Amino acid sequence: MRTYLVTGGAGFIGSNYIHYMFRKYGGEIRIINVDALTYAGNLENLKEIEKRDNYTFIRADITDKDAITKIFAENDIDRVVHFAAESHVDRSIKDPEVFVRTNVLGTAVMLNCAKAAWELPDGSFQEGRKFLHVSTDEVYGSLEEDGGFFYETTPYAPHSPYSASKASSDMLVRSYMDTYRFPANITNCSNNYGPYQFPEKFIPLVINNALQGKSLPVYGDGKNVRDWLYVEDHAKAIDMVQEQGRLFETYNIGGHNEKQNIEIINIILETLQEQLADDDPRKKLVSRDLITYVEDRKGHDRRYAIAPDKIRAEIGWEPETMFRDGIRRTIQWYFEHEDWMRNATSGDYQKYYAEMYK
Ligand code: NAD
Ligand code: DAU
């Protein structure tokens with residue numbers, strides 16, 4: 001039975017990936033989820049699978065070398081899928097250091113521990129072992145409004161402390177592949193949306209605020225463009241890269257779905273109106289009047305757009321979920337998980353929100 005060590009599996013994409021993998025492989029695989037449970041980690045995301053015999057949760061910090069070494073020593077790990085990171089750009093602008101610690105140092109620890117566990121005396125690596133580093137399109141910087149795409153060959157030009165820390169982590173992985181022929185892949189993906197996304201991020205924040213009749217903060221002129229991908233499509237791509245990708249290669253993953261932020265808000269408002277029952281009191285609250293233009297994000301990247309040509313040509317992956325369907329499913333999920341949202345937005349979130357949007 002193949003054993004996966006997933007880092008950051010209690011976060012948004014990591015938990016969706018774990019669900020996807022159990023749906024696909026059932027009892028054929030074993031997953032060990034290592035997560036420090038920061039504000040973004042939530043074990044509620046994994047409630048349905050926590051009792052499985054082939055699933056183990058370990059609370060550990062990826063910068064804790066002793067803890068990670070012990071996990072490799074006690075388990076025969078075949079695959080590492082490395083999601084754990086500080087992931088929110090706005091937080092990185094306020095407090096960059098923790099991004100360097102987790103994203104750069106944490107990745108270095110994961111690489112070192114995997115290398116130590118998998119390396120043979122002749123410097124080669126045990127057959128079948130692989131490390132997949134989950135990264136972002138933000139490492140490529142910002143595109144002009146009127147054209148161009150990010151390719152795997154696009155030079156790195158990160159702007160925020162978050163994207164700079166992710167770019168550094170990618171460089172570390174590349175250095176291990178180049179120096180040691182360490183068996184790895186890197187994936188650089190565009191913006192994800194879907195179930196279990198923490199409401200500091202744009203789409204769940206807009207859904208949550210709209211349902212409460214709270215203002216919908218739009219940074220700058222609202223015309224920044226992101227390329228949105230449904231999270232399950234990302235999970236599938238990660239699995240396909242592990243199964244069919246060529247070692248040492250980078251694959252860009254994207255939704256072919258560019259939208260301005262203001263368009264996203266309008267689609268969410270329309271979809272909420274469609275999906276709320278006529279007698280639901282929240283229906284009256286959901287309105288364009290809530291849209292509020294606020295001060296722009298510092299260093300706000302104008303446009304991201306991935307060209308997923310390589311992953312399509314080599315591996316046969318393509319985005320499957322149309323944005324309208326994905327957003328309907330996402331909104332439906334939030335309707336059915338009001339407790340999840342209530343828990344996620346209690347306590348520290350209130351403090352964060354007041355500080356961030358004051
Ligand atoms: P998230 O913030 O929702 O989850 C991050 C998880 O990592 C949390 O469970 C958190 O507890 C854990 N974590 C943080 N610091 C840790 C540490 N020091 N040790 C162990 N665990 C720690 O993030 P996400 O949106 O799910 O993103 C996951 C990965 O995907 C990140 O590497 C991110 O850069 C990348 N990515 C995200 C997107 C996106 O749109 N969200 C797009 C492309 C790539
Ligand atoms: O592109 C991939 C990246 O996408 C990931 O690497 C990051 O982890 C993920 O957080 C995301 O980064 P963004 O900064 O693009 O996502 P965010 O949801 O924070 O913002 C999306 C857009 O919406 C961006 O242009 C900023 C804008 N925005 C965001 C918030 C939170 C607003 O206008 N108002 C808001 O309140």
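Predicted model, so just to flag it, every value in this text is computed and none were measured.
Although no hydrogens or angles enter the test, the distance criterion places no donor-acceptor pair under 3.5 Å between the side chain of Asp90 and the main chain of Arg297. Not a single donor-acceptor pair under 3.5 Å links the side chain of Asn16 to the backbone N or O of Glu232. For the pair Asn185 (side chain) and Glu249 (backbone), a donor-acceptor distance under 3.5 Å is present.
Cluster partners of Tyr353, by chain and number: Tyr39, Phe198, Leu205, Tyr219, Val294, Tyr349, Tyr352, Met356, Tyr357. The rule joins Ile, Leu, Val, Met, Phe, Trp and Tyr whenever side-chain heavy atoms lie under 4.5 Å apart. Members clustered with Leu285: none, using a 4.5 Å side-chain heavy-atom cutoff among hydrophobic residues.
For residues 51-75, the set of pairs meeting the salt bridge (charged side-chain N to carboxylate O under 4.0 Å, His left out) definition, not counting sequence neighbours, comprises Asp61-Arg101, Lys70-Glu74. The list of salt bridge (charged side-chain N to carboxylate O under 4.0 Å, His left out) pairs with a residue in residues 203-212, not counting sequence neighbours, is empty. Counting only residues at least two apart or on different chains, no ring-ring contact (aromatic ring centres under 6.0 Å, His included) pair has a member in residues 242-293. Pairs passing the salt bridge (charged side-chain N to carboxylate O under 4.0 Å, His left out) check and including a residue from residues 203-222, sequence neighbours excluded, read Asp221-Arg302.
Residues forming a salt bridge (Lys or Arg N to Asp or Glu O under 4.0 Å) with Lys284 (at least two apart in sequence, or on another chain): none. Applying the salt bridge (Lys or Arg N to Asp or Glu O under 4.0 Å) rule to Lys115 yields the partners Glu119; only residues at least two apart in sequence or on another chain are considered. For Ser124, the side chain to side chain donor-acceptor pair (under 3.5 Å) partners two or more places apart in sequence, or in a different chain, are Asp122. Applying the side chain to side chain donor-acceptor pair (under 3.5 Å) criterion to Thr321, with sequence neighbours excluded, gives Asp233. Applying the side chain to side chain donor-acceptor pair (under 3.5 Å) criterion to Tyr55, with sequence neighbours excluded, gives Asn33.
At a threshold of 4.0 Å, the pair Glu138-Lys166 does not count as salt-bridged, since none of the basic side-chain nitrogens sits closer than that to a carboxylate oxygen. A salt bridge does not link Lys236 with Glu318: every distance from a Lys NZ or Arg NE/NH1/NH2 to an Asp or Glu carboxylate oxygen is 4.0 Å or more. Looking at Lys351 and Asp348, no side-chain N of the basic residue comes within less than 4.0 Å of a carboxylate O on the acidic one, giving no salt bridge. In this structure, Glu200 pairs ionically with Arg91, as a charged nitrogen and a carboxylate oxygen lie closer than 4.0 Å. Taking a cutoff of 4.0 Å between a charged side-chain nitrogen and a carboxylate oxygen, Arg2 and Glu243 qualify as a salt bridge.
Using a 4.5 Å heavy-atom cutoff, the side chains of Tyr176 and Phe131 are not in contact. Gln197 is not listed as a side-chain neighbour of Val231, based on a closest heavy-atom distance of 4.5 Å or more. Contact of the Glu86 side chain with the Asp95 side chain is not registered, since no non-hydrogen atoms from C-beta on lie closer than 4.5 Å. Between His88 and Lys201, the closest side-chain pair of non-hydrogen atoms falls below 4.5 Å. Here the side chains of Tyr20 and Ile238 are not in contact, with every heavy-atom distance at 4.5 Å or above. The closest side-chain heavy-atom distance from Ile203 to Ile327 is below 4.5 Å. A heavy-atom distance below 4.5 Å is not found between the side chains of Asp137 and Asn252.
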Would Lys223 and Glu145 satisfy salt bridge (charged side-chain N to carboxylate O under 4.0 Å, His left out), going step by step from the backbone distance to the final call?
CA-CA 9 Å; Lys223 293 188 178 158; Glu145 268 172 10; over 6 Å; no
Exercise for review: Kindly indicate, with the supporting measurements, whether the criterion side chain to side chain contact (heavy atoms under 4.5 Å, CB included) is fulfilled by Phe150 and Asn188.
Suggested key: CA-CA 10 Å; Phe150 295 138; Asn188 294 89; over 6 Å; no
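Counting non-hydrogen atoms of neighbouring residues, nucleotides and ligands closer than 6.0 angstrom, the CD atom of Glu127 reaches no more than 12 such neighbours. Counted within 6.0 Å of CD on Glu97, heavy atoms from surrounding residues, nucleotides or ligands total 12 or fewer; the atom is thus considered open.
Smallest separation of non-hydrogen atoms from Thr292 and Ser215: OG1-CB, 3.2 Å.
Both Ile267 and Leu276 belong to a common hydrophobic cluster when Ile, Leu, Val, Met, Phe, Trp and Tyr are linked at side-chain heavy-atom distances under 4.5 angstrom. Under the 4.5 Å side-chain heavy-atom criterion for grouping Ile, Leu, Val, Met, Phe, Trp and Tyr, Met177 is not connected to Val134 through any hydrophobic cluster. Transitive grouping of hydrophobic side chains (ILVMFWY, heavy atoms separated by less than 4.5 Å) keeps Tyr4 and Val80 in distinct clusters. Residues Leu272 and Trp333 fall within the same hydrophobic cluster, defined by Ile, Leu, Val, Met, Phe, Trp and Tyr side chains chained together at heavy-atom separations under 4.5 Å.
Under the 6.0 Å distance and 45° angle rule, Arg226 does not count as a cation-pi partner of Tyr193. Judged by the 6.0 Å and 45° rule, Arg303 forms a cation-pi pair with Phe149.
Of the options Phe182, Trp118, Tyr180, a ring pair (Phe, Tyr, Trp, His ring centres under 6.0 Å) to Phe125 is made by Phe182 and by none of the others. In summary, of the residues considered (Asp35, Val6, Asn42, Asn45), a side chain to side chain contact (heavy atoms under 4.5 Å, CB included) with Ser15 occurs for Asn45 alone.
For the residue pair Thr250 / Lys310, no side-chain donor-acceptor distance below 3.5 Å is found, with atom types taken as modelled. For the residue pair Asn208 / Gln212, a side-chain donor-acceptor distance below 3.5 Å is found, with atom types taken as modelled.
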Only pairs under 3.5 Å count here: list side-chain donor-acceptor contacts from residues 154-162, not counting sequence neighbours, and write none if there are none.
from	atom 1	to	atom 2	distance (Å)
Thr154	OG1	Tyr151	N	2.8
Thr154	OG1	Tyr151	O	3.0
Tyr156	OH	Asp170	OD2	2.7
His159	ND1	Asp301	OD1	2.6
Ser160	OG	Tyr162	N	3.4
Ser160	OG	Ser163	N	2.9
Ser160	OG	Ser163	OG	3.0

